[in-house]
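Working notes for the structure below.
This is a predicted model, so every value here is computed, not measured. All values below were derived from every heavy atom in this structure, side-chain atoms included, with hydrogens, water molecules and symmetry-related copies excluded.
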Amino acid sequence: MRKRAGRMLRRLLHRVGRRGASLLFLALLDLVYAVGLLTAPPETRESDSFVFLTGIMPLEVWAGAWALVGCLCLVYAFSLRDRVAFIAASLLKAVWANVYLVGWTAEEIPRGYVSAAVWLAFAGFIQVIAGWRENWER
């Protein structure tokens with residue numbers, strides 16, 4: 001029984017591959033970020049960035065977007081056709097970066113350019129990963 005479970009796990013990990021593993025990390029990030037938005041303490045909710053974000057959409061909607069993308073990444077990590085998850089993950093981070101960039105240019109989020117740069121770079125890196133081919137695709 002134990003050997004069979006080990007073989008199944010190895011097969012699953014092989015099927016996940018580098019792209020799928022990347023999606024699993026993105027799923028973790030996005031789901032934790034969603035929880036973080038929902039459970040932000042009152043003093044955090046009063047920060048410039050949170051006030052700006054809630055002026056666009058309620059935090060619950062933002063958290064829902066992060067959770068949705070996290071779930072997409074989790075599901076598609078085990079799929080051979082995972083383009084949807086990579087697009088969603090990259091798009092969400094690009095939108096998030098642009099919100100911070102707009103907040104900074106509107107002088108609503110001091111140093112918003114820092115968050116914008118980090119999230120835009122991350123969105124770009126996700127696109128690099130999306131272009132990777134798995135060993136079995138070569």
Side-chain angles (χ1 to χ4, degrees):
M1 181 71 158
R2 194 176 240 179
K3 282 186 177 182
R4 185 176 182 199
R7 281 194 308 262
M8 287 174 55
L9 180 61
R10 277 192 302 277
R11 241 185 257 147
L12 179 64
L13 291 176
H14 177 74
R15 179 181 176 123
V16 168
R18 295 177 297 168
R19 293 168 59 93
S22 299
L23 287 174
L24 289 174
F25 283 116
L26 291 170
L28 175 65
L29 169 75
D30 294 352
L31 292 169
V32 168
Y33 211 81
V35 170
L37 288 172
L38 289 175
T39 61
E43 59 273 10
T44 302
R45 290 175 181 254
E46 295 169 7
S47 71
D48 294 330
S49 58
F50 271 65
V51 170
F52 188 76
L53 288 167
T54 56
I56 298 169
M57 290 190 307
L59 281 182
E60 294 77 16
V61 177
W62 285 115
W66 282 92
L68 174 65
V69 171
C71 289
L72 275 173
C73 290
L74 182 62
V75 169
Y76 278 94
F78 302 97
S79 175
L80 294 177
R81 291 188 167 88
D82 54 12
R83 187 174 307 231
V84 169
F86 280 106
I87 291 170
S90 183
L91 182 63
L92 178 61
K93 277 109 186 121
V95 166
W96 197 250
N98 280 293
V99 166
Y100 274 86
L101 196 57
V102 168
W104 174 64
T105 56
E107 298 182 355
E108 296 289 327
I109 305 175
R111 298 181 43 83
Y113 68 93
V114 175
S115 291
V118 169
W119 288 108
L120 276 176
F122 200 35
F125 185 64
I126 292 168
Q127 286 301 301
V128 169
I129 296 169
W132 288 352
R133 297 175 73 187
E134 294 293 353
N135 290 335
W136 61 80
E137 294 178 327
R138 293 177 189 199

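Here the side chains of E108 and D48 are not in contact, with every heavy-atom distance at 4.5 Å or above. At least one side-chain heavy atom of F122 sits less than 4.5 Å from a side-chain heavy atom of L29. C71 is listed as a side-chain neighbour of L31, based on a closest heavy-atom distance under 4.5 Å. Within the 4.5 Å cutoff, the side chain of W119 has no heavy atoms near those of the L101 side chain. The shortest side-chain heavy-atom distance between L74 and L24 falls under the 4.5 Å cut-off.
Residue F25 holds its CZ atom at 7.5 Å from OG of S22, rounded to the nearest 0.5 Å. The line from OG of S115 to CD1 of I109 is 7.5 Å long, rounded to the nearest 0.5 Å. One distance of note links CG of D82 with CG of L72; it measures 11.5 Å at 0.5 Å rounding.
Note on L37: it does not cluster hydrophobically with V32, by side-chain heavy-atom contacts below 4.5 Å among ILVMFWY residues. Cluster annotation: I126 is not connected to V118 through the hydrophobic network of ILVMFWY side chains, with a link wherever side-chain heavy atoms come within less than 4.5 Å. A chain of hydrophobic side-chain contacts below 4.5 Å, direct or via other Ile, Leu, Val, Met, Phe, Trp or Tyr residues, connects V69 to I129. By the rule that hydrophobic residues join a cluster once side-chain heavy atoms approach within less than 4.5 Å of another member, W62 and L28 end up as members of separate clusters. Two different hydrophobic clusters hold V128 and L120 under the rule that ILVMFWY side chains link at heavy-atom gaps under 4.5 Å.
A donor-acceptor distance shorter than 3.5 angstrom exists from the side chain of R18 to the backbone of R133, with no hydrogens or angles considered.
Classification of the Y113-W104 ring pair by plane angle, with boundaries at 30° and 60°, yields tilted.
F50 is linked by a ring pair (Phe, Tyr, Trp, His ring centres under 6.0 Å) to nothing, counting only residues two or more places apart in sequence or in another chain.
A67 and A34 make their closest contact through N-CB, 3.7 Å (heavy atoms, listed as atom of the first residue, atom of the second, distance). The two atoms that bring L38 and R45 nearest to each other are O-NH2, 2.9 Å, heavy atoms only.
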In a table with atom names and distances, give each donor-acceptor pair under 3.5 Å that connects a side chain of residues 83-100 to protein atoms at least two apart or in another chain.
| residue | atom | partner | partner atom | Å |
| --- | --- | --- | --- | --- |
| S90 | OG | A123 | O | 3.1 |
| S90 | OG | Q127 | NE2 | 3.2 |
| K93 | NZ | D30 | OD1 | 2.6 |
| K93 | NZ | D30 | OD2 | 3.0 |
| W96 | NE1 | Y33 | OH | 3.3 |
| N98 | ND2 | A94 | O | 2.8 |

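Within 6.0 Å of atom CD in E107, 12 or fewer heavy atoms from other residues, nucleotides or ligands are found, so the atom counts as exposed in its surroundings.
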